[in-house]
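In the text below, chain A, chain B and the rest are named by the order of the sequence lines, each starting its count at 1. Side chains included, hydrogens not; waters and symmetry mates left out as well; all remaining heavy atoms used.
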Amino acid sequence: MTATATATPTRVRPSGTGWRGFGRLLRTETAVWLRDSSSVFFGVLFPTVLLVGVGFGIPGMREPITGAPQDSLWYGVTPIATYLPTVLAMAIGTLAILSLPVTFATFRDKGVLRRMSTTPMRPQAIIVAHLAINVATTFIGVALALGVAQALFGIVQPTQLGVVLGAFVLGMLSLFSLGMLLSAVVNKPSTANAVASLVYFPLLFLAGLWTPGPIMPDIVRQIGQFTPMGAAAQAMDTGWFGEGFPLLQYVVMLAYTAVLLPLAIRLFRWT
Amino acid sequence: MAKPIVEVSHLRKTYGDKVAVDDVSFAVQPGEIFGILGPNGAGKTTTVETLAGLRTADGGTVRVRGIDTQRHPGAVRDILGVQLQEAALHDKITVREALNLFAGFYANPADPEELLAMLDLTPHADRRFAKLSGGQKQRLSIALALIGNPEIAILDELTTGLDPQARRNTWELVERVRATGVTILLVTHFMEEAERLCDRLVIIDAGNVVAEGTPQGLIDALDDDSTVVLRFAPDDAGRARDVLEQLADSDPEVARVDLAETSPGEVVVTGTRRVLFALVPALAGADLVPDDVRTVARSLEDVFLAHTGRAYSTGTGDADAPTDTTLVLEGGRS
Ligand SMILES: Nc1ncnc2c1ncn2[C@@H]1O[C@H](COP(=O)(O)OP(=O)(O)OP(=O)(O)O)[C@@H](O)[C@H]1O
Ligand SMILES: [Mg+2]
């Protein structure tokens, strides 16, 4: 293929007209998706496994923090409880950034999206179906993690539940927007894997997976608050353990969503 | 003639500087198996995918049942079934799931179980896509193109990569589908496939139509010289050639005599359609009895050669396609 030829990619136009059969599409896609054990493990079990592993594997995680100043966010909280917001942010990112782009790159690579374009169903439906699957899985994974954490460690009642929920929802919006942007353009499953890892692991670091709340170096916090996962974790920290409103983090997440989502829709390639 | 169900006129499509389709026009009648034949890269896939409204044309018009598919691609989705050359399914979806899933997209779908039976897929219905053989995948692909009960089905290279037996089975299947009233637009680079299946066809080369007609009509329109291959016992071969070369000099019906390069004892005689009449008395006069006589039938390959000046070649070997028909005379088997 010549350079000029590749400069004009084939335009396969999504032209389906309706949503007939969407229910069956969602059911079938879910059934097929569940056959992939790695997506089920990472989506559903990984947050819980990580919490339990860290809670029992690292000494002192279940002892209340007394070394911190009495007026700090963290006074009297167990370290494992301070880890929860980071794990929840990670749970979102795992599906949005690791799982979703690989799914779409595989579809594109195999021609599944092209195949759909020949039917009356809108090919957009398959995007909606997979967003629904991944969002639902995020909720299931998070619910399981919270349930197990409550049973094993006892989780702290958030000081501002609304702020935590808002941060979680905005975290989902911004991280799924980022995931959709990667999904929009990456062509090969192998590239998707590589790119997703390159984005995912730095985000995990900046969200405090290795240095959660109380022990996060200031520089990581400063940078992290401008990333979607870091902002989600910090905003949930504030809502869970502190007072006040994490305005900056909320704005950061909104901004990511507002910029990345339309971009993903614009750039989405069907072939 | 009825009003065409598919009309392509002066279609043009470029990718950057590369002209994939230059100027292609044809019309398909309801109920036909219409072929689009041409070598690799001729522009066949581009033509039918533009026709299906899956790619944007740079010029010309494409209509399916009168609907401009460039302007209203969505309007033909329910009546046009498409089997894409390069498109697959999830590795982990089963045959039955895929058919049921696609059936749900259409207003009046065919019965998935009936299609499974018709395409001999019932025994494999619960098998996952990745575990299917090439022939099974192709049959599923055809089933998916038919699941919406379309009026027209586009089948793009549906036998490429199949072994000869699977290919013949697929041909029978296409005929069965047509018998149910579906108009079929068959894209292929196999001459034999087009010759065997198509009612009418266009031959496309480098983005242009070089010939159009029925397979037999195209072949009959060629200069009517014909070729006869005679096989002699090794002892007779030399003498036979001398006799026949003399005949070529004296008889205007006989143009050339050559020794077959690959098989010793075979003499290839080219002449008019009446060449055989000239040969028989000459051989009888010299008491030369051939072991075997074959007339080499003209094929679409010769049509392609005549219209383009190039031998037909496709990147993929199509070695199993026989181009000559044995018969006519069984030589004296002494
Ligand atoms: N998306 C594309 N971008 C650039 N060039 C393309 C694209 N699709 C096809 N082409 C070029 O256009 C020409 C026609 O391609 P097309 O696929 O229509 O041929 P074809 O007759 O279907 O060939 P084949 O028998 O190999 O399937 C080829 O030279 C091909 O390289
Ligand atoms: Mg092709």
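Here A/Arg35 contributes atom CZ and B/Thr94 contributes atom OG1; the two are 6.0 Å apart, rounded to the nearest 0.5 Å. Atom CD1 in B/Ile147 sits 12.0 Å away from atom OG1 in A/Thr119 (nearest 0.5 Å). With rounding to the nearest 0.5 Å, the separation of CG in B/Leu101 from CD in A/Glu29 is 6.5 Å.
Using a 4.5 Å heavy-atom cutoff, the side chains of B/Leu54 and A/Arg114 are not in contact. Looking at A/Arg20 and B/Asp78, their side chains come closer than 4.5 Å, going by heavy atoms from C-beta outward.
When the candidates B/Ser141, B/Gly148, B/Gly81, B/Ala107 are compared by the number of heavy-atom contacts under 4.5 Å with chain A, B/Ala107 comes out ahead.
Heavy atoms closer than 4.5 Å to chain A are found in the backbone of B/Leu80, but not in its side chain. There is no contact between B/Thr46 and chain A, counting heavy-atom distances below 4.5 Å. At a 4.5 Å heavy-atom cutoff, B/Ala20 makes no contact with chain A through either its backbone or its side chain. Heavy atoms closer than 4.5 Å to chain B are found in both the backbone and the side chain of A/Asp36. If you measure heavy-atom distances from B/Leu84 to chain A, the contacts under 4.5 Å come from the side chain alone.
Closest heavy-atom contact between A/Arg115 and B/Leu144: NH2-CB, 3.2 Å. Scanning all heavy atoms of the two residues, the minimum distance from B/Phe105 to A/Gly21 falls at CE2-O, 4.1 Å. Closest approach of A/Lys110 and B/Leu89 over heavy atoms only: CD-O, 3.4 Å.
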Going through the checks in order, is the side-chain contact (heavy atoms from CB on, under 4.5 Å) test met by A/Phe107 and B/His90? CA-CA 7 Å; A/Phe107 284 177; B/His90 302 300; 2.8 Å; yes
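Remark: B/Asn108 CG is loosely packed, at most 12 non-hydrogen atoms of other residues, nucleotides or ligands lying under 6.0 Å away. Remark: A/Phe22 CZ is packed, more than 12 non-hydrogen atoms of other residues, nucleotides or ligands lying under 6.0 Å away.
At distances below 3.5 Å, at least one donor-acceptor pair connects side-chain atoms of A/Arg24 with backbone N or O atoms of B/Asn100.
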